[in-house]
> 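Have a look at this one.
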Amino acid sequence: MPGVVIVGAQWGDEGKGKITDLLAERATTIVRYQGGNNAGHTIVRDGEEFKFHLIPSGILHSDKACVIGNGVVIDPRVLLSEIDGLKRAGISIANLRISANAHLIMPYHVLLDTAGETKLGKNSIGTTRRGIGPAYADKALRLGIRVQDLLDEKILRVKIRAALEPKQQALRELSVQRRKERKAAGEETKPATADTMGGIDPRPDLHAMVEEHISYGHRLEPHIADTAKLCWDALDSGETVIFEGAQATLLDLDHGTYPFVTSSNPIAGAATVGAGVGPTDINEVWGIAKAYTTRVGAGPFPTELHDDVGEQIIEQGHEYGTTTGRKRRAGWMDLVGLRYAVRLNRMDSLAITKLDVLSGVGPLRAAVRYRSKEGAILEEFPYHQSILHSATAEYEELPGFDDDITSCRSARDLPAAARDYLAFISEFVGVPIKIVGVGPSRDQVVLLD
Ligand code: IMP
């Protein structure tokens with residue numbers, strides 16, 4: 001099984017980090033292939049909690065190569081602060097490798113992401129405001145700055161200047177807008193500075209930006225590599241390489257609920273582009289889904305709960321974002337969406353996480369079809385966004401369970417209702433469930449065969 005992709009099957013935050021951490025035991029190499037520090041993985045190990053935004057979860061295994069692939073967008077300041085945090089915790093980063101071809105999130109990307117969201121007001125996408133969209137946009141426009149550019153001051157200067165050129169007007173407007181806002185709020189009215197703009201200078205000083213980024217380059221240089229070659233060497237030697245997706249299928253730029261999506265392709269197929277391997281290098285695809293559904297940010301969510309059960313799930317599941325701290329929206333398991341994700345990614349296996357959270361919520365519901373506002377039955381995930389936005393979910397109701405299942409370690413330990421719920425999911429989507437999460441710690445899992 002040399003090439004294994006791990007992909008989110010819903011709208012993100014399914015607990016991919018924990019499953020990656022578990023499956024990493026059989027791998028020599030773990031590769032992130034898209035997204036940036038909009039992602040957040042929390043891994044609990046021996047009671048200690050680790051949060052990562054950019055560094056692949058496998059970093060806790062000192063004997064594995066941990067790769068940030070070319071498809072990732074990297075905010076170097078965030079990456080360096082994660083590196084510093086790991087060093088402080090005594091965790092080696094000697095095996096961290098960063099693709100020279102990965103693109104950078106520059107300070108102006110963060111600023112433009114925030115400005116874009118503010119401008120859209122109540123119609124905003126609810127991005128993480130980490131600069132993801134503007135960084136991928138510059139990549140597509142061929143105005144991106146890549147990791148390798150950090151190693152060449154002359155090239156870096158030319159490229160930053162070219163990237164800033166078409167943004168000057170927007171940055172100027174933003175600076176004026178902020179000044180007006182501060183004036184209206186009775187605050188000081190001097191021109192905006194990095195201090196009043198969340199640490200980002202709205203009138204970037206090219207020289208200072210180049211200097212700053214060259215210093216990042218010095219620090220990152222020992223880790224910068226040809227990471228595609230590193231993957232080929234591992235795969236060609238028969239080693240297992242895990243390709244770890246961030247975000248999830250329904251947030252995919254092409255196949256998700258556009259425009260309420262992220263700006264990259266989390267689906268399994270994108271692992272080839274984002275890491276530099278061929279489709280036949282992928283032998284196994286694992287989908288990760290929560291036992292219920294959550295979503296952060298705006299966009300359609302047919303099984304969303306707006307009642308006490310939803311609140312109970314949010315509280316029992318601690319459904320607050322790792323990256324932004326935002327309260328997540330919660331709802332029932334959506335099997336229409338899950339079956340769509342299974343097929344899009346051609347999943348072989350599923351891991352269902354956080355089953356313990358459903359203890360005590362009463363009868364369990366799983367959406368088995370949607371109904372359009374005109375009354376049509378929709379068995380498949382509708383491709384038309386207007387239909388999806390107004391569709392309502394129709395459910396199968398199954399008995400719930402009240403037992404505390406956090407110490408269950410085998411299928412036999414689980415209450416019959418929990419087993420039946422899992423069997424129903426698996427049968428509906430046609431894929432075996434092989435791992436079930438019953439608590440936050442890496443050993444709180446039930447392995448099914
Ligand atoms: P962006 O990726 O910051 O541009 O945000 C676009 C959409 O994706 C927003 O709805 C975000 O809340 C959502 N999003 C981005 N990253 C994650 C994630 O890691 N988990 C869940 N949602 C995410």
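Side chains included, hydrogens not; waters and symmetry mates left out as well; all remaining heavy atoms used. Every number for a ligand or one of its atoms is a count from 1 in the order of the listing.
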> Is it the case that ligand 1 has an N or O less than 3.5 angstrom from some N or O of Thr127?
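No - when backbone and side-chain N and O of Thr127 are compared with those of ligand 1, no distance drops under 3.5 Å.
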
> Kindly check if the number of other-residue, nucleotide or ligand heavy atoms within 6.0 Å of CD (Glu165) is above 12?
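Atom CD in Glu165 is not packed in, count stays at 12 or less.
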
> Among all protein heavy atoms, pick the one closest to atom 17 (C) of ligand 1 and tell me residue, atom and distance.
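Checking every protein heavy atom, the shortest distance to atom 17 (C) of ligand 1 gives Gln247 CG, 3.5 Å.
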
> I'd like to check which ligand 1 atoms, numbered from 1 as shown, lie under 4.0 Å from a non-hydrogen atom of Ile125.
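Within the 4.0 Å cut-off of Ile125, ligand 1 contributes 10 (O).
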
> N/O to N/O below 3.5 Å, does that happen between Val296 and ligand 1?
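There is such a contact, yes.
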
> Could I get the full list of side chain to side chain donor-acceptor pair (under 3.5 Å) partners for Glu25, not counting sequence neighbours?
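By the side chain to side chain donor-acceptor pair (under 3.5 Å) rule, Glu25 matches Arg442.
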
> Which atoms of ligand 1 are found less than 4.0 Å from any heavy atom of Thr262?
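Contacts of ligand 1 toward Thr262, numbered from 1: 1 (P), 2 (O), 6 (C).
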
> Using atom types as modelled and distance alone, determine if a side-chain donor or acceptor of Ser426 lies under 3.5 Å from a backbone N or O of Val431.
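Answer holds: yes.
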
> How close does the nearest protein non-hydrogen atom get to atom 3 (O) of ligand 1, and which residue and atom is it?
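The protein heavy atom lying closest is Thr128 OG1, 2.6 Å.
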
> Any salt bridge (charged side-chain N to carboxylate O under 4.0 Å, His left out) involving residues 305-325? Give me the pairs, sequence neighbours left out, ordered by first then second residue.
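Counting only pairs at least two positions apart or across chains, the salt bridge (charged side-chain N to carboxylate O under 4.0 Å, His left out) contacts touching residues 305-325 are Lys290-Glu319, Glu311-Lys327, Glu319-Arg328, Glu319-Lys354.
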
> Classify the ring geometry of Phe428 against Phe424: parallel below 30°, tilted from 30° to 60°, perpendicular beyond 60°.
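Plane angle between 30° and 60°, so tilted.
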
> Measure from the side-chain N and O atoms of Asp348 to the backbone N and O of Val285, and report whether any donor-acceptor pair falls under 3.5 Å.
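Yes: the side chain of Asp348 pairs with the backbone of Val285.
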
> If only atom types and distance count, is the side chain of Arg32 paired as donor or acceptor with the main-chain N or O of Gly36 below 3.5 Å?
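Yes; judged by distance alone, with no hydrogens or angles, the pair exists.
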
> Is it possible for you to check whether Arg365 lies under 6.0 Å from the centre of the six-membered ring of Tyr395, through NZ or CZ, and within 45° of that ring's axis?
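Here Arg365 passes the 6.0 Å and 45° test against Tyr395.
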
> I'd like to check whether Asp113 has a polar contact with ligand 1, where a contact means an N/O of the residue lying under 3.5 Å from an N/O of the ligand.
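Among all N and O atoms of Asp113, none is under 3.5 Å from an N or O of ligand 1.
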
> Would Arg326 count as a contact of ligand 1 if the rule is a heavy atom under 4.0 Å away?
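True for this residue.
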
> Between ligand 1 and Ser263, is the shortest N or O to N or O distance under 3.5 Å?
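No: no nitrogen or oxygen of Ser263 is under 3.5 Å from one in ligand 1.
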
> Are the side chain of Tyr370 and the backbone N or O of Ile387 linked by a donor-acceptor pair below 3.5 Å?
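Not at all, since once roles are kept as given, no pair shorter than 3.5 Å links the two residues.
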
> Can you tell me which portion of Phe260 lies within the under-4.0 Å heavy-atom range of ligand 1? Options are side chain, backbone, both, or neither.
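Contact part for Phe260 vs ligand 1: neither.
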
> Is it true that Lys167 and Asp138 make a salt bridge, defined as a side-chain N closer than 4.0 Å to a carboxylate O?
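So Lys167 pairs with Asp138 through a salt bridge.
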
> Within the 4.0 Å heavy-atom shell around Gly126, which atoms of ligand 1 are there?
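Those atoms are 9 (C), 10 (O), 11 (C), 12 (O).
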
> Which atoms of ligand 1 have any heavy atom of Leu251 under 4.0 Å away?
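Numbered from 1, ligand 1 contributes 8 (O), 13 (C), 14 (N), 22 (N), 23 (C).
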
> Would you mind listing which atoms of ligand 1 come within a distance below 4.0 Å of any non-hydrogen atom of Val261?
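Matching atoms, with element in brackets: 6 (C), 7 (C).
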
> Is Arg130 in polar range of ligand 1, meaning some N or O pair under 3.5 Å apart?
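Between Arg130 and ligand 1, no N or O pair is found under 3.5 Å apart.
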
> State the atoms of ligand 1, each with its element, that fall below the 4.0 Å cut-off from a heavy-atom position in Trp11.
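Here the atoms of ligand 1 in question are 21 (C), 22 (N).
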
> Determine whether Met106 and Leu111 make a side-chain contact, defined as any pair of heavy atoms from C-beta on separated by less than 4.5 Å.
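A side-chain contact under 4.5 Å is absent here.
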
> For ligand 1, is there an N or O atom under 3.5 Å from any N or O atom of Asn38?
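Yes; at least one N/O pair falls below 3.5 Å.
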
> What is the nearest protein non-hydrogen atom to atom 20 (N) of ligand 1, stated with its residue, atom name and distance?
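Going by distance alone, atom 20 (N) of ligand 1 is nearest to Asp13 OD1, 3.1 Å.
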
